[in-house]
Amino acid sequence: MKKLKYTFFTVLLLVGATSFAQEEPAQEEKQSGHVNTNKFRQLYNEFATPNQYRTASGAPGPAYYQNEADYEIKIELNDENQTISGYETITYINNSPDKLEYLWVQLDQNIRTKDSPAREKDGSGMAPVIQPGSVVSSYMTEPFDGGFNIIEVSKDGQDLPHMINFTMMRVEMPEALEPGDEFEFSIRWNYNIPEHTVDRARSGYESFPDGNKNYVIAQFFPRMCVYNDVEGWQNYQFWGNGEFALPFGDYDVEITVPADHLLDGTGNLVNRKDVYSKEEMNRWEQAQKSYDKPVIIRTQAEAEQIEKGRSTEKKTWKLQAENVRDFAFTTSRKYIMDAQAVKFPKGDVMAISIYPKEGNPLWEEYSTKAVVQTLESYSRMTFDYPYPKAISVHGKNQGMEYPMICWNYGRPNEDGTYSDRTKFGMISVIIHEVGHNFFPMIVNSDERQWGWMDEGINTFVQYVAEQDFGENYPEAIAPNSKYPSRRGEPSKITDYMGGNQDFISPIMSNPENVYQLGNNAYGKPATALNILRETVMGRDLFDYSFKTYAQRWMFKHPTPEDFFRTMEDASAVDLDWYWRGWFYTTESVDIGVSEVKSYYLTNNPTTAGKEMLTRYGVDPSAVDAVYVVEEDGEDYDPAMKGKSIVENAPNLQEFMMDNFTPAERAKLKSPKHFYAVKFNKPGGIPMPIIVEYSYADGTKEKVTYPVQVWRKNDAEVTKVLATDKELVGVMLDPDLETADVDVSNNSWPKAEEESEFDSFKEGTQD
């Protein structure tokens, strides 16, 4: 028995040596005084230290706080000269443990002043060819002057000292604001509304040939900055790319516009009966009971008739919202409107679309369907949508989001026809912008600092919702195909990740400091989360953890660490290696098959086997060993290839007879082939090795080796495959799941690339 146990040990020693010998020299944990660069080290240095405000689990701590800003706002929109004038009273509540010496207010419209430094923030040059419109707008046109004109900052009628620095205004209080206290003050202002179709503003108006205008209005009032435990005041200037950081609060807003306008915005419309016609009111009540299709509130025929006139009367629309971080609205006499109810456990939500006739027939057909799908898909992935409505507004070249309302592009041709690109572009932007209600309107991350936390996370859930849309509305897509998502699938980010590193920034960068914002803040993080869900964690673990994050931080202010920690805390999956590679570096995924060697086992002593036993102090003649023979190696015998291991090594048969019962022996494998497959990793990001083995009998086998195989050697790793079948092919990442930037090294035998001559020759054949 002792001899047999020694034999079994020797088999393990010899077979294991083929991989162990290659891993040992490159172990990164062998510090020798060097910095630890192992990809699997923990992110202690990168993460903020947990504290009473934010825990190590990623949840809010026992002392977590957030300040509140409540607004009473009255504004009037002048349709004749495109201006807004307003008066607001802000009640700011200090829930922090800190004494506040002053308050910071955002003046985002100041990015549009004539002398705004944002106009000169980027370098420029002279291209060989320039479009006439660009020449006129860049060198021949007086800049639009759209900044805030602050007329008054006061408390109880008394002026308050204040200082304006670009897009930020510091307001001095008579005395410091103590923890738990509140401060009420007022601001009076006005500004010129930009024409957003000219300079791509986030809000503004579109002008039509007959003089009518559609208004999509946001950032229209001075707004409080966030004060929190992470940065104190978030008063980073608004330069245009980094969006918004805003506190939650309650809003009471009155908006005066021409009497023939249709208006809607954030919050409940509390005087609907005063501003709707009797027929519109009846239709609204029908829509509140319609769960399967939209009800037209104002028809295209009615809108076309109304837009011919110009009312000199005014109407005031009153909206109230609770626990929102912002407010926006839209208004025009051109608008058509439809609405549909969506059922949720705690109450129905109204899905609403508002659009001019220029949006039809596309908008009437698909907009509200996209809103409904978004609410259902996002709620499944996070939490039930808590607000009373979600509005999709048609704005030319627009894609912008606010609580309960957003503007979206997608305009058919003048004859009403449209391409699939226009249709899917419209559906996708609606899903994306309505989805922003969840991220960051409710899970209220700091967009000014971490653009990916709203755009990237939202684009990921957008991908899920788009695929749901394709399944629920198959008539909208090509037969036997899925929804053509622009972002989210791994293969669609490889060109960016494998591109010029001089023009790529880590995801963990401020939006103002990246070259390719779309790829950096939208595409790459969305793809990273999709791979995490589908390939690394699996849907069950990912979805549970993702929902935990969303529910922990709804109506709160999370940081990146809160997201990273929660995903690990709720899943028991160590993901520090993943966050580091995908979010903190610009490295890419590239794994290849570098070598495949074939072996068989035998009792016949080999030169290499005897040498190895001797090195270990073992007399080869005293050991009944099993030896490993490489095909075409020094001791290779073709007659022994393809035989089972018990045929080539009879002592294994003896070992099994002595150590296993008949039932156990019946379950033991007797492989005929051993293959040592060596994988290398030219790319920097470690990933699971997903490999498909093809055999001579036509069968295939898919195997996934966990990412931990790279923990001791970041350059290469060998795995031994023991099988009854002859291996004829190895294919890495066969379903393109990992965003591998170079698939030319993914196969063995290496796929032959067609030469330019062969390609030319084929092209000349009839």
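For clarity, every value in this text was computed on a predicted model and none was experimentally measured. Side chains are part of it too, since the values below use all heavy atoms of this structure and drop only hydrogens, waters and symmetry mates.
- Between the side chains of Q42 and D574, at least one donor N or O lies within less than 3.5 Å of an accepting N or O.
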Exercise for the section: Check the pair E471 / Q467 against side-chain hydrogen bond (donor to acceptor under 3.5 Å, both in side chains), numbers first and verdict last. Expected result: CA-CA 6 Å; E471 293 177 6; Q467 299 309 306; over 6 Å; no
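- F542 meets the ring pair (Phe, Tyr, Trp, His ring centres under 6.0 Å) test with F460, F546; sequence neighbours excluded.
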Practice task
Could you walk me through whether H432 and N458 pass side-chain hydrogen bond (donor to acceptor under 3.5 Å, both in side chains), step by step?
Solution key: CA-CA 7 Å; H432 182 89; N458 183 50; 3.3 Å; yes
Exercise for the section: List the steps and the verdict of ring pair (Phe, Tyr, Trp, His ring centres under 6.0 Å) for F679 and W710. Expected result: CA-CA 10 Å; F679 304 98; W710 301 108; 7.6 Å; no
For residues 497-504, tabulate all N or O donor-acceptor pairs below 3.5 Å that involve a side-chain atom, not counting sequence neighbours.
{"from": "N500", "atom 1": "OD1", "to": "D502", "atom 2": "N", "distance (Å)": "2.9"}
{"from": "Q501", "atom 1": "OE1", "to": "T586", "atom 2": "OG1", "distance (Å)": "2.4"}
{"from": "Q501", "atom 1": "NE2", "to": "T586", "atom 2": "O", "distance (Å)": "3.1"}

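- Between the side chains of D740 and T738, no donor N or O sits under 3.5 Å from an acceptor N or O.
- You'll find the side chain of W748 reaches within 4.5 Å of the side chain of L727, heavy atoms only.
- K39 places a side-chain N or O within 3.5 Å of a backbone atom of G684 that can act as its donor or acceptor partner.
- The distance between the ring centers of W450 and F583 does not fall below 6.0 angstrom.
- Among pairs with a residue in residues 486-498, those fulfilling side-chain hydrogen bond (donor to acceptor under 3.5 Å, both in side chains) read K482-E489, at least two apart in sequence or across chains.
- Between Y693 and the choices T723, V728, L721, T699, the side-chain contact (heavy atoms from CB on, under 4.5 Å) rule is met once, by L721.
- A salt bridge links D543 with R533: at least one charged nitrogen is closer than 4.0 Å to a carboxylate oxygen.
- Ion pairing between a basic and an acidic side chain is recognised when a charged N comes within 4.0 Å of a carboxylate O; R380 and D468 show such pairing.
- In this structure the side chain of S670 reaches within 4.5 angstrom of the side chain of I645, judged on heavy atoms.
- Other residues, nucleotides and ligands contribute over 12 non-hydrogen atoms within 6.0 Å of the NZ atom of K681.
- For F383 and F438, the ring centers are positioned less than 6.0 Å apart.
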Practice task
Take D562 and R552, measure what salt bridge (Lys or Arg N to Asp or Glu O under 4.0 Å) needs, and give me the verdict at the end.
Solution key: CA-CA 10 Å; D562 298 323; R552 278 179 174 178; over 6 Å; no
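- Residue F564 is tested with W579, W577, W582 for a ring pair (Phe, Tyr, Trp, His ring centres under 6.0 Å); the sole match is W579.
- No side-chain donor-acceptor contact under 3.5 Å links D569 and T566.
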